Amino acid sequence: MTVVTRFAPSPTGTLHIGGARTALYCWLYARKTHGKFILRIEDTDTERSTQASTAAILDAMTWLGLHYDEGPYYQMDRLARYRAVIEQLLATGHAYRCYCSKERLDEMRTAQMAAKKKPRYDGRCRAGGVPTGVDPTAPHVIRFANPQSGEVVFEDLVRGQLVFANQELDDLVLIRTDGIPTYNFGVVIDDWDMGITHVVRGDDHINNTPRQINILRALGASPPHYAHVSMILGKDGKRLSKRHGAVGVMQFREEGYLPEALLNCLVRLGWSHGDQEIFSITEMIQHFEIAHLQRAPAAFNAEKLDWLNQHYMKQGDRAKVAAELAWHFERVGIEVKNGPALVDIIDAQAERCKTLVEMVQKSGYFYTDTVTYAAAAVKKNLTADVLPHLAHLRAALAALPQWEKSAIHAVIEQVATTADVKMGKVAQPLRVAVTGDTVSPPIDVTLVLLGKARTLARLDAVLHPDFLEKNHNC
RNA sequence: GCUCCUUUCGUCUAGUGGUCUAGGACGCUGCCCUCUCACGGCGGUAACACGGGUUCGAACCCCGUAGGGAGCGCCA
């Protein structure tokens, strides 16, 4: 039997990391088993569904690299099918028309809550027929006639056997007044029609599962396997929301995270393969097991994402990292044609950055002709006593036939030795002179990336008599 | 309120009755390395929610309690 999984988001917002993780698990399981992964858009909430949300979800899936084999299917395209199935349920007595008004239902719910009872439909219309005094063509919903006794038992792949008493379940609405199916009906029919073998979803759906199984049974269909994954919590252990900072997948992109890092972070939130922390996509596919999914909810750990992101900036595919870095430079309007190759920036900067945004912030001086000097750095490092060193440096560097790391390094060491000072006494002023601040990659690497022309020009500027005056007084 | 799920270091987790004086990772932290910031290397810190059972023996099995989460919509 071929495994078929699906990810079925509703297009009412962007793809957040909880959904992304569920999608990842579905995708991994399909890939591992050489099965099929389907994307289905559950757009039956006509009030809140938007095209923009659908596009945003699709974009995020693409950025993450979670490619689907089929779809996206849209539930609103399948209305005729739901109608046909509902006729069948109506005919077999598994569903009935309900003319109860929303007002009555609201009142009933409020009263039940007040009486500390579980709010539920009382089954008034279940007997069938049109209530007296009601026009049969009046707007009405169609409800499922849930079994009133017995229990629903199913084997959850994550949690083991789950048992629900039918008495706890009420007659849920299948079709709304406007003819559009509700979630619980649409999902059942779609999963059935699309041959879904494994439903992997958030554990907020555990309570829906017995209802869905009952519908399937009424249709004579056998239920798929279910795997209910725990939710992702915020750092404070509360349900993830906007106040926890970034929750949308694309927000993480904007903040400078790599898709590989986010995926690695998400896969380890709630799943493990022994002590392994770093997983390439191939390894994730190879080792993924539903049985190793965690049952308890997991709090999102932003620091670990940082660590993973740095790891992938350092160890990941440089061409891919460079492409993503280019996107970030473009966003802030820095023209990277005016400086070193992005892969060289990555090699030099990855070990001192947690995100690509940070890398861009720390690399501006490589791409501009006008350096911004940090006053404190100038004051501390570009003092009158070091100017002679810089002058020596300027002359020796200018004389270099080859602009390469070891030669540059030798020059700096030589100048320090000649002046009988420590390396730092020469390197640090030089660093401030060419970058404007006290932090940069190793000085020889920095100069290589900067290029000879820019290096000399900046030294000249600093050595100009006006420089100290201007910069020490600001 | 009712139903369901869940509980190992601050966080993510390993662990499926003895090999656990509980392992790894992130974080924090000490030392080393060092031209800055980092990276890296070597250490350190810190947990089986609680109470009863079962057993020769429980982090692992059972039952309670407490905490956390979810559901109870003509939302998904």
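Chain identifiers are assigned alphabetically (A, B, ...) following the order of the sequence lines, protein sequences preceding nucleic acid strands; residue numbering begins at 1 within each chain. Just so it is clear, the values below take in all heavy atoms, side chains as well, and ignore hydrogens, waters and symmetry mates. The structure presented is a predicted model; accordingly, all values stated were derived computationally and were not measured.
Using a 4.0 Å heavy-atom cutoff across all strands shown, T438(A) reaches at least one base atom of the nucleic acid. Contact annotation for P441(A): base contact, defined as any heavy-atom pair under 4.0 Å involving a base atom. Contacts of Q112(A) with the nucleic acid, taken as non-hydrogen atoms under 4.0 Å apart, are absent. Residue K362(A) is out of contact with every strand shown, counting any heavy-atom pair closer than 4.0 Å. Within 4.0 Å of R431(A), counting heavy atoms only, lies at least one base atom of the nucleic acid. Among the protein residues, L162(A) comes within range of the sugar-phosphate backbone only, with heavy atoms under 4.0 Å from sugar or phosphate atoms but none that close to a base. S230(A) comes within 4.0 angstrom of nothing in the nucleic acid, heavy atoms only. The residue V173(A) sits close only to the backbone: its heavy atoms come under 4.0 Å of sugar-phosphate atoms, none of a base. Using a 4.0 Å heavy-atom criterion, one finds that D444(A) contacts the bases of the nucleic acid, with or without backbone contacts as well. Among the heavy atoms of the strands lying under 4.0 Å from I443(A) is at least one base atom, whether or not backbone atoms are also near. Residue G202(A) is out of contact with every strand shown, counting any heavy-atom pair closer than 4.0 Å.
At A14(B), one or more side-chain N or O atoms of Q294(A) fall inside 4.0 Å of OP1 or OP2 (strictly under the cut-off). OP1 or OP2 of A14(B) has at least one side-chain nitrogen or oxygen of S272(A) nearer than 4.0 Å.
Counting only N and O atoms by type, the side chains of T446(A) and S440(A) include a donor and acceptor under 3.5 Å apart. Checked by atom type, the side-chain pair N184(A)/T182(A) shows no donor-acceptor distance below 3.5 Å. There is no side-chain donor-acceptor pair under 3.5 Å between Y312(A) and D317(A).
Comparing K425(A) and T46(A) by the nucleotide of RNA chain B whose heavy atom lies nearest to each, the residue mapping closer to the 5' end is K425(A). RNA chain B is contacted by both H273(A) and K116(A); K116(A) maps to the nucleotide lying nearer its 5′ end (nearest heavy atom per residue).
Separating the CD atom of E151(A) from the C1' atom of U3(B) is a distance of 14 Å, rounded to the nearest angstrom. Regarding Q315(A), its CD atom lies at a distance of 11 Å from the C1' atom of G40(B), rounded to whole Å. Spacing between atom CG of D178(A) and atom P of C74(B) amounts to 12 Å, rounded to whole angstrom units. Taking atom CZ of residue R97(A) and atom P of nucleotide C74(B), one finds them 18 Å apart after rounding to whole Å.
Nucleotide A70(B) is matched to U3(B) when pairs are restricted to Watson-Crick or G-U wobble geometry with both distances under 3.5 angstrom. When Watson-Crick and G-U wobble pairs are counted only if both distances are under 3.5 Å, A76(B) pairs with no nucleotide at all. Figure legend. U65(B) is base-paired to A49(B); pairs are counted as Watson-Crick or G-U wobble with both atom distances under 3.5 Å. Nucleotide G30(B) has C42(B) as its partner under the Watson-Crick or G-U criteria, with both atom distances under 3.5 Å. For U21(B), there is no paired base (Watson-Crick or G-U wobble, both distances below 3.5 Å).
At most 12 heavy atoms of other shown residues, nucleotides or ligands fall within 6.0 angstrom of atom CG in D420(A).
Geometrically, R143(A) engages Y121(A) in a cation-pi contact, judged by NZ or CZ lying under 6.0 Å from the ring centre and within 45° of the ring axis.
Shown are M284(A), E283(A), H273(A); of these, the side chain to side chain contact (heavy atoms under 4.5 Å, CB included) with V267(A) is made only by M284(A). With Y183(A) as the partner, the side chain to side chain donor-acceptor pair (under 3.5 Å) test is satisfied by one option alone out of E42(A), Q75(A), H205(A): H205(A).
Across C9(B) and A22(B), the matching C1' atoms stand 10 Å from one another, rounded to whole Å. Rounded to the nearest Å, the gap between the P atom of C60(B) and that of G68(B) is 22 Å.
The CZ atom of R159(A) sits 4.0 Å away from the CD1 atom of I206(A) when rounded to the nearest 0.5 Å.
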What's touching nucleotides 67-72 of chain B from the protein side, N or O pairs under 3.5 Å?
from	atom 1	to	atom 2	distance (Å)
C72(B)	O2'	P119(A)	O	2.5

Tabulate atom names and distances for all N/O pairs under 3.5 angstrom spanning the protein and nucleotides 23-25 of chain B.
from	atom 1	to	atom 2	distance (Å)
G23(B)	N2	D275(A)	OD1	2.5
G24(B)	N2	R268(A)	NH2	3.4
G24(B)	N2	E277(A)	OE2	2.7
A25(B)	O4'	E277(A)	OE2	3.4
A25(B)	N3	K304(A)	NZ	3.3

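For the pair L450(A)/R458(A), a side-chain contact is recorded, criterion being any heavy-atom separation below 4.5 Å from C-beta on.
Nearest nucleotide to the Q428(A) side chain, out of C5(B), C12(B), C35(B): C35(B).
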Identify every side-chain donor-acceptor pair in residues 9-19 of chain A under 3.5 Å, counting partners at least two apart or on other chains, and give the distances.
from	atom 1	to	atom 2	distance (Å)
S10(A)	OG	T12(A)	OG1	3.3
H16(A)	ND1	G18(A)	N	3.2

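Within 3.5 Å, a donor on the side chain of T177(A) pairs with an acceptor on the base of C74(B), or the reverse.
Using cut-offs of 30° and 60° for the angle between ring planes, the F300(A) and F252(A) rings count as perpendicular.
Base orientation at C50(B) is anti, since its O4'-C1' glycosidic dihedral falls outside 90° of 0.
Taking the six-membered ring for Trp, F288(A) and W271(A) have ring centres closer than 6.0 Å.
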